[in-house]
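These numbers were taken from a predicted model, which means no experiment stands behind them.
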Amino acid sequence: KDEINKDKIGLIGHSFGGFETNYIIAKSNLFACAVAGAAPTNFISNYLSEAKNTKQPNFFKIEYSQARMGKSLFEDTDAYLRNSPVLLAAAITTPLLSWTGLKDYQVDYTQSFEFYMAMRRLSKVHVLLAFPDEGHGILDRTRDADLTEKIEEWFAYFLKDKHKPNWMNPT
């Protein structure tokens, strides 16, 4: 029977849950590793962009939908800065696996790329997987199986002291 090791807990989230994952690891070192998929990471660039699926600006989504900022970027810029994981990346100590679909019309893949570049510049442990023919979720069964396997290997390495797969090594 496996015991739960309180020092080796993982965190995973997708979409707004991916945002929450990135935000939490920027504010806490509770987790031994994390996985974030298709996550908004920069409230400023996201706010000033268009949702490709609806062809509408993201203003409303960030002000009154999931993000619930309650005010515009211009009414409370500091809140947008304080709540953007990309701007909090310097505080992250948790190894992070991120993934995104390059045809994501809900959360633009550039959000994941911005976070990857911040983490890379800061020499943080971070791997970004980008799926060229996928959107907000992974629909192709082969690619979905590949992602699932990589997530399982990520958790196995950081939480169960298993071997480090070659795909985790930076190139």
Side-chain angles (χ1 to χ4, degrees), residues 10-28 31 33-92 94-122 124-151 154-155 167:
L11 178 63
I12 187 171
H14 173 258
S15 193
F16 194 73
F19 154 78
E20 291 172 321
T21 295
N22 292 335
Y23 184 84
I24 289 167
I25 65 171
K27 294 291 187 174
S28 167
F31 298 95
C33 68
V35 177
T41 63
N42 183 337
F43 277 3
I44 295 172
S45 63
N46 196 10
Y47 183 91
L48 297 171
S49 67
E50 174 188 81
K52 292 177 185 172
N53 58 337
T54 63
K55 303 286 187 213
Q56 298 292 315
N58 281 325
F59 308 152
F60 179 81
K61 181 168 66 171
I62 295 174
E63 288 176 25
Y64 300 106
S65 188
Q66 284 181 317
R68 295 181 190 91
M69 295 301 286
K71 295 181 180 178
S72 80
L73 167 65
F74 308 102
E75 293 172 303
D76 196 352
T77 304
D78 288 342
Y80 282 74
L81 296 171
R82 285 191 315 271
N83 286 284
S84 293
V86 72
L87 301 176
L88 306 173
I92 294 175
T94 306
L96 177 65
L97 171 62
S98 296
W99 65 268
T100 187
L102 299 183
K103 293 183 179 177
D104 190 337
Y105 298 133
Q106 288 178 279
V107 176
D108 197 286
Y109 70 88
T110 58
Q111 292 289 301
S112 294
F113 279 54
E114 284 183 32
F115 202 66
Y116 171 75
M117 294 305 287
M119 296 283 281
R120 182 176 175 166
R121 179 66 180 93
L122 293 163
K124 304 293 183 173
V125 178
H126 184 224
V127 174
L128 173 62
L129 305 173
F131 295 89
D133 295 318
E134 295 293 349
H136 197 60
I138 307 299
L139 299 179
D140 177 83
R141 287 182 174 260
T142 302
R143 289 188 288 267
D144 183 51
D146 178 58
L147 176 59
T148 299
E149 182 178 340
K150 284 181 169 68
I151 291 171
W154 185 262
F155 284 137
W167 64 266

Atom [atom1] of [X] and atom [atom2] of [Y]: how far apart are they, to the nearest 0.5 Å?
| X | Y | atom1 | atom2 | value |
| --- | --- | --- | --- | --- |
| K61 | M69 | NZ | CE | 14.0 Å |
| N53 | D104 | CG | CG | 8.5 Å |
| I44 | S49 | CD1 | OG | 12.0 Å |
| S84 | Q111 | OG | CD | 8.5 Å |

Matching residue for N46 among T110, N58, D108 - test: side-chain hydrogen bond (donor to acceptor under 3.5 Å, both in side chains): N58
Distance-minimising heavy-atom pair for [X] and [Y]:
| X | Y | answer |
| --- | --- | --- |
| L88 | A26 | CB-CB, 3.6 Å |
| E114 | S45 | OE2-OG, 3.0 Å |
| S98 | H126 | OG-NE2, 2.7 Å |
| A36 | G18 | CB-O, 3.8 Å |

Evaluation steps, side-chain contact (heavy atoms from CB on, under 4.5 Å), between T142 and D146: CA-CA 6 Å; T142 302; D146 178 58; 5.8 Å; no
Ring centroid separation H136 to Y105 under 6.0 Å: no
For a 4.5 angstrom cut-off between non-hydrogen side-chain atoms, does [X] reach [Y]?
| X | Y | value |
| --- | --- | --- |
| L73 | F59 | no |
| I12 | T21 | no |
| L81 | T77 | yes |
| L11 | I25 | yes |
| L96 | F115 | yes |

Give a yes or no answer on whether the side chain of [X] reaches the backbone of [Y] with a donor-acceptor pair at less than 3.5 Å.
| X | Y | answer |
| --- | --- | --- |
| R120 | A118 | no |
| T41 | V86 | no |
| N83 | A79 | yes |

Evaluation steps, side-chain hydrogen bond (donor to acceptor under 3.5 Å, both in side chains), between S72 and E63: CA-CA 6 Å; S72 80; E63 288 176 25; 4.9 Å; no
Sequence-distant partners of E134, side-chain contact (heavy atoms from CB on, under 4.5 Å), two or more places apart: F131, I138, L139, D140, R143
Set of residues satisfying side-chain contact (heavy atoms from CB on, under 4.5 Å) with respect to A90, sequence neighbours excluded: L122
Pair S15-Q106, side-chain donor/acceptor within less than 3.5 Å: no
Within residues 66-85 or reaching into it, pairs that qualify as ring pair (Phe, Tyr, Trp, His ring centres under 6.0 Å) - sequence neighbours excluded: Y47-Y80
Worked check of side-chain contact (heavy atoms from CB on, under 4.5 Å) between W99 and H14: CA-CA 9 Å; W99 65 268; H14 173 258; 3.3 Å; yes
Worked check of side-chain contact (heavy atoms from CB on, under 4.5 Å) between S112 and L128: CA-CA 8 Å; S112 294; L128 173 62; 4.0 Å; yes
Intermediate values then yes/no, side-chain contact (heavy atoms from CB on, under 4.5 Å), F19 and F43: CA-CA 10 Å; F19 154 78; F43 277 3; 3.6 Å; yes
OH/Y109: more than 12 non-hydrogen atoms of other groups inside 6.0 Å: no
